[in-house]
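Have a look at the structure below, then the notes.
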Amino acid sequence: MIKGIQLEGLRIVGDPGEFATKYYNAGADELIYSDIVASLYGRNSLLDIVAKTTKDIFIPLTVGGGIRSVNDVETLLRHGADKISVNSAAIQRPELISEISSRFGAQCCVVEIQAKSIGKGKWMALYDSGRENSGRDAIDWAWDAIERGAGELLITSIDRDGCRKGMDLDLLRRISLRSAVPVIASGGVGSHSDICEAVFEGNVDAVAIGDLFHFDRATVGEAKEYISRQNINVRL
Amino acid sequence: MKKIGVLDYGSGNIHSLAMAVRKIGRDVDLITSPEQMWQVDNIILPGVGAFGRVMQKLKDKGFSDELIAIIRAKKPVLGICVGMQVLFEFSYEFGKQEGLGCLEGSVDEIPRYDINGNLNRIPHVGWSDLIYQREDEAVEGIGELFCSVNNYESFYFIHSFSVSPANSSISVAHTIYGGHVLTAAVRQGMLFGTQFHPEKSGSVGLKVLENFTCF
């Protein structure tokens, strides 16, 4: 398992299976596996990790990275993924979203949007782990993805990823307030109160957390207890 | 030891369901032909995606008629998510579609607006409280699907449609989304259904699966 800052400077954190088990036992609601360099190398190598994970872990698992076709999705689902997330291939060929959604149902199709701020109230959608600029406005791309059958949006703020300074609330709010599908926020959680802000001010349905837990700065249980005390309805 | 059959007809997360059943210490058979259904003690019918597609696959593999016969013969059957929805008479997903008709009622879209008139995000994804229709649903002893599971435990849901049983007494538990009551579990004799995914609901989910295998 690796983690970077703004999707760069990746450092090795440890074995993904061990972390998955730790988070499951600590009460995580869902896991997201993201092969963040898959698109760059044109590979899809998460299968073994996915199959091993679902032997002992009985919460939903979303898998992303390098998915280019309906067949890729089918293989991942057969190995135990519950949902898949697409970014790069969907930007290059948006029909992929409707193909996945009509074949496996919208509930299985998460579209990740990697948003990079380019000025006040403006974000571009990037791909290939934030290395390439699609030239598309991130928020327009969100509406397009929903229209095409995305069942959930995973909004990653590239500017905030790994920075521990809070989430991009402006970005999240602009998408969440008008989204017809659930929104998962990612990038920037540095403290428990950042999670609450994303929910109360960003209006999101879920928050994906890496850094805070990966480096043992907090446990899943502590985070949940904190946000529960702030009146956020969460499974304890 | 009891043998649990999981229908493998190209829809649903067979892998994690089989793992979950193994985790609770039961034998699992992946069922790929209709005759095999008679050789197991209990049957789990998974299902994800569109109602019409799930029904079509059941028919294509010759499962639908045999499944109706199995249910008439009172072998315990558990439908999960769309696997429960197809047990009903019809669905309104992409026009009116016919189901197996083992349970009376229909499958309808989750209301697009919450009770305050705000947009209800659909699909309904995530962990929601399971609320029993009867207080004593979790009584100890073999024979109840929710035995030893507390009222208001959270289970994992992921769906855009939900069942409306014609006879409300078959509804065992519900959940609330956007202020609307959604049927979460049904039982009619030895036929069971859950809208939530027990195989994805952590230890309480495994307990529900274990309870089902005790029938």
Side-chain angles (χ1 to χ4, degrees), chain A residues 23-31 47 50-62 73-83 100-110 146 149-154 176-184 203-206 224 233-236, chain B residues 8 10-24 46-54 81-82 93-94 112-113 118-130 152-161 176-177 196-209:
Chain A
Y23 295 149
Y24 172 63
N25 290 333
D29 290 327
E30 195 161 332
L31 294 174
L47 291 179
V50 170
K52 267 193 211 134
T53 303
T54 48
K55 256 189 192 151
D56 288 303
I57 290 178
F58 301 101
I59 52 173
L61 176 64
T62 302
V73 175
E74 178 140 45
T75 312
L76 278 166
L77 296 182
R78 278 211 83 88
H79 280 75
D82 298 290
K83 302 185 256 189
I100 295 170
S101 182
S102 64
R103 174 87 173 266
F104 307 102
Q107 84 292 331
C108 144
C109 185
V110 180
I146 293 171
E152 276 178 277
L153 298 178
L154 171 61
S176 291
L177 286 176
R178 282 177 52 202
S179 176
V181 302
V183 175
I184 310 163
N203 207 38
V204 300
D205 302 277
K224 285 183 135 186
N233 185 10
V234 64
R235 177 182 71 118
L236 288 173
Chain B
D8 182 5
S11 174
N13 202 334
I14 313 297
H15 178 90
S16 19
L17 194 51
M19 290 301 165
V21 176
R22 267 181 210 130
K23 187 79 183 175
I24 55 170
V48 297
F51 184 99
R53 189 178 275 269
V54 169
C81 197
V82 184
E93 189 170 356
F94 301 120
R112 282 172 185 268
Y113 294 91
N118 300 316
L119 208 56
N120 225 2
R121 285 182 190 155
I122 295 172
H124 165 219
V125 182
W127 295 78
S128 295
D129 293 352
L130 194 78
Y152 296 97
E153 282 279 8
S154 294
F155 286 81
Y156 183 73
F157 290 79
I158 178 160
H159 61 130
S160 303
F161 284 73
I176 293 181
Y177 186 60
F196 60 85
H197 286 267
E199 79 284 13
K200 289 288 159 187
S201 296
S203 54
V204 286
L206 294 179
K207 184 66 195 160
V208 170
L209 282 178

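Within every chain, numbering begins at 1; the chains are lettered A, B, ... in the order of the sequence lines, protein sequences first and strands thereafter. Just so you know, these numbers come straight off a predicted model, no measurement behind them.
Rounding to the nearest 0.5 angstrom, the gap separating the OG atom in S154(B) from the CG atom in L236(A) is 8.5 Å. Put simply, CZ on R78(A) and CD1 on I14(B) are 6.5 Å apart, with the number rounded to the nearest 0.5 Å. Atom CZ of R121(B) and atom CG of L153(A) lie 9.5 Å apart (nearest 0.5 Å). Between atom CZ of residue F104(A) and atom CZ of residue R53(B) there is a gap of 8.0 Å, rounded to the nearest 0.5 Å. For the atom pair NE2 of H79(A) and NE2 of H15(B), the computed distance is 8.0 Å after rounding to the nearest 0.5 Å.
Heavy atoms only, all atoms of each residue included: I122(B) and V181(A) are closest at O-CG1, 3.4 Å. Here the closest non-hydrogen pair linking I158(B) and K83(A) is CD1-CD, 3.9 Å. Shortest non-hydrogen contact noted between T54(A) and K200(B) is CG2-NZ, 4.3 Å. Summarising the geometry of W127(B) relative to D29(A), their closest heavy-atom pair is NE1-O, 2.9 Å, with the distance given to 0.1 Å. For the pair P123(B) and G151(A), the tightest heavy-atom approach, listed with the atom from each and the gap, is CD-O, 3.4 Å.
Side-chain contact between K55(A) and R22(B) is absent, with no heavy atoms from C-beta onward closer than 4.5 Å. Considering only heavy atoms from C-beta on, M19(B) stays 4.5 Å or farther from T53(A) through its side chain. In this structure the side chain of V125(B) never reaches within 4.5 angstrom of the side chain of Q107(A), judged on heavy atoms.
In this structure, the portion of S203(B) lying under 4.5 Å from any heavy atom of chain A is its backbone and not its side chain. Residue contact with chain B, scored on non-hydrogen atoms closer than 4.5 Å, involves the side chain of E152(A) exclusively. Heavy atoms of N120(B) lying under 4.5 Å from chain A belong exclusively to its backbone. Contact of L17(B) with chain A is not made at all, since no heavy-atom distance falls under 4.5 Å. If you measure heavy-atom distances from S160(B) to chain A, you find no contacts under 4.5 Å at all. Of the atoms belonging to L177(A), it is backbone heavy atoms, and not side-chain ones, that fall under 4.5 Å from chain B. Using a 4.5 Å cut-off between heavy atoms, D205(A) touches chain B through backbone and side chain atoms alike. Using a 4.5 Å cut-off between heavy atoms, A206(A) makes no contact with chain B at all.
Interface summary for chain A: among G205(B), G202(B), S201(B), the most heavy-atom pairs under 4.5 angstrom belong to G202(B). When S102(A), G105(A), G80(A) are compared by the number of non-hydrogen pairs under 4.5 Å with chain B, G80(A) comes out ahead. Ranked by non-hydrogen atom pairs under 4.5 Å with chain B, the options P182(A), P60(A), A51(A) are led by P60(A).
Taking a 6.0 Å sphere around CG of N25(A), one finds it holds more than 12 heavy atoms contributed by other residues, nucleotides or ligands.
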Could you go step by step and tell me if D82(A) and S16(B) meet the side chain to side chain contact (heavy atoms under 4.5 Å, CB included) rule?
CA-CA 9 Å; D82(A) 298 290; S16(B) 19; 4.2 Å; yes
